[in-house]
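Per chain, numbering begins at 1; letters A, B, ... match sequence-line order. Values below: all heavy atoms of this structure, side chains included; hydrogens, waters and symmetry mates excluded. All figures in this text were calculated on a predicted structure; none of them were measured in a lab.
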Amino acid sequence: MELAAALRKVEAFAEFDAQEITALARAMTTESHKDGHVFIREGDARRSVSDAVFVLLSGVVRVTRTGDPRKALRRELAPGELFGLIALVDRGARTATCEAVGPVETASLNRAAFDHLLHSNAELACKFQTVIARQLARDFDRLQRVLRDAIVRR
Amino acid sequence: MTTPGLDHEKLLSKLELLRDLDDNELRTVAGVTRPKLYKARQLVVRQGEPADAAYVIVHGRLEASTLGADGKKAVLSVMGPPEVFGELAVLDGGPRSATVRALEPTLVLAIARSAFESVIRKHPGVAWKISRALARRLRRLTERVEDHTFLEVPQRLAKTLASLAEEHGRPGNKGFVVLELALGQRELGEMIGATRESVNKTLAAFTKQGLVARDGKRLLVRPAELRRI
């Protein structure tokens with residue numbers, strides 16, 4: 001399975017065994033998109049079309065915020081990174097816009113598939129939830145550093 | 001009679017990151033904490049060192065700071081109970097992002113990373129509950145970053161004073177909130193990344209507008225009005 005092979009290389013899933021990777025791959029959908037495709041739009045409420053979490057498989061995805069004219073929060077994601085986690089976790093509005101820069105391949109997991117996957121396998125659920133918590137913790141840490149740099153630079 | 005363990009549980013239940021945990025989960029977390037006492041000015045964690053534990057403040061005040069490119073210290077925040085710091089260490093190691101020092105005699109509860117991993121194994125729902133709290137904090141932090149890169153000194157100072165009042169203040173007379181922190185204009189300047197002079201000018205303007213007043217060492221502020229600046 002091609003997707004399983006790609007997911008096995010994703011660092012976030014390093015602690016998943018072969019069966020868990022297979023289950024994850026089965027629940028996810030691979031998509032190819034052209035330059036400029038918008039995966040997630042800032043402000044979109046839950047239950048929109050984009051109600052999914054994504055793993056970037058190849059290409060670059062740019063993350064931007066409208067209230068950020070100095071681009072302190074702008075970021076370009078590299079293959080292997082997950083995006084769309086905050087709204088998946090708290091079911092709130094999307095916090096940023098994520099769009100393709102050049103051709104991009106992703107694997108997406110919509111909420112129904114995510115819930116189903118977590119309910120069907122307790123061990124996998126625990127690992128996946130830890131992956132999400134760790135990623136959010138890293139994002140939080142990165143943002144704190146951005147804030148710190150903003151304070152220190154003045 | 002209360003036991004220290006129960007007090008710790010109560011304290012932990014107040015933490016935003018652990019707010020969604022049930023009593024059973026909180027008891028397990030409380031069981032892996034270790035109390036640590038620090039003297040005034042004593043170093044708790046140093047920026048750049050590997051992070052292996054989170055700390056919950058039981059009593060006392062601490063200051064998180066970092067060194068700028070120019071070698072000047074910048075105060076990032078003043079923390080007190082029941083705040084937690086270094087909490088990302090229990091999920092994701094990596095170097096400490098700031099230096100934390102006690103400002104006064106301080107008691108903290110330390111939670112080692114390995115101990116926290118055992119909590120998650122015992123209670124698989126904990127990771128998800130913490131993710132929810134992290135998501136909330138990420139939303140707020142994102143706005144704070146935007147404020148800092150976008151707002152001018154008066155707005156930054158107003159927001160910072162309002163936050164300090166909301167977190168550390170107690171109700172005073174005439175709608176003021178009393179801030180007992182020994183924060184001078186230099187420290188406030190370090191917190192918002194402005195010079196002492198511009199903090200002085202802005203505070204004078206706030207005083208004239210009735211948003212801020214001095215009472216000896218205490219600072220009296222009106223957080224709701226400051227938030228509207």
Side-chain angles (χ1 to χ4, degrees), chain A residues 11-12 15 42-43 53 63-75 82 84-96 114-115 118 121-154, chain B residues 17 47 51 64-70 72-77 87-98 117 120-121 123-150 153 156 160 189-195 198:
Chain A
E11 194 235 320
E15 286 167 32
E42 181 185 341
V53 61
V63 184
T64 53
R65 292 259 308 169
T66 47
D68 180 35
R70 294 185 198 178
K71 300 186 171 44
L73 294 167
R74 187 167 124 159
R75 216 154 69 86
L82 279 67
L85 289 176
I86 296 180
L88 178 83
V89 167
D90 70 7
R91 297 175 179 248
R94 293 294 187 175
T95 61
F114 175 77
D115 288 342
L118 264 53
N121 185 336
E123 179 85 359
L124 176 60
C126 185
K127 282 187 186 172
F128 204 163
Q129 288 170 345
T130 305
V131 164
I132 291 169
R134 196 172 286 151
Q135 177 69 51
L136 289 173
R138 278 181 198 166
D139 289 345
F140 191 81
D141 188 50
R142 187 179 44 76
L143 261 191
Q144 277 189 320
R145 283 166 207 261
V146 171
L147 177 63
R148 189 188 70 195
D149 291 349
I151 292 173
V152 173
R153 211 179 297 122
R154 279 175 189 276
Chain B
L17 270 185
Q47 184 172 350
S65 67
T66 184
L67 287 183
D70 54 1
K72 266 194 197 163
K73 186 175 94 173
V75 178
L76 301 171
S77 63
E87 68 272 35
L88 305 181
V90 298
L91 288 166
D92 182 32
R96 294 285 184 198
S97 57
E117 281 169 0
I120 289 186
R121 276 196 299 274
H123 302 287
V126 165
W128 187 248
K129 289 174 177 179
I130 286 178
S131 292
R132 284 210 301 254
L134 275 168
R136 281 196 296 269
R137 291 182 61 181
L138 268 166
R139 287 180 188 276
R140 279 209 309 274
L141 185 60
T142 302
E143 282 174 20
R144 246 191 102 197
V145 172
E146 287 182 352
D147 287 351
H148 261 281
T149 54
F150 199 48
V153 171
R156 296 208 307 272
T160 300
E190 284 170 352
M191 284 183 83
I192 65 163
T195 60
S198 62

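Put simply, CG on Leu91(B) and CD1 on Ile132(A) are 12.5 Å apart, with the number rounded to the nearest 0.5 Å. Rounded to the nearest 0.5 Å, atoms CZ (Arg132(B)) and CD (Gln129(A)) are 10.0 Å apart. Distance OG1/Thr95(A) to CG/Leu138(B): 8.0 Å, rounded to 0.5 Å.
Here the shortest heavy-atom pairing between Ala133(A) and Ala127(B) reads CB-O, 3.8 Å. Nearest heavy atoms, Leu134(B) versus Ala137(A): CD1-N, 3.8 Å.
Contacts between Leu136(A) and chain B at a heavy-atom distance below 4.5 Å involve backbone atoms as well as side-chain atoms. Only the side chain of Gln47(B) comes within less than 4.5 Å of a heavy atom of chain A; its backbone N, CA, C and O stay farther away.
The salt bridge (Lys or Arg N to Asp or Glu O under 4.0 Å) test with Asp90(A) is passed by exactly one of Arg139(B), Arg140(B), Lys129(B), Arg137(B): Arg139(B).
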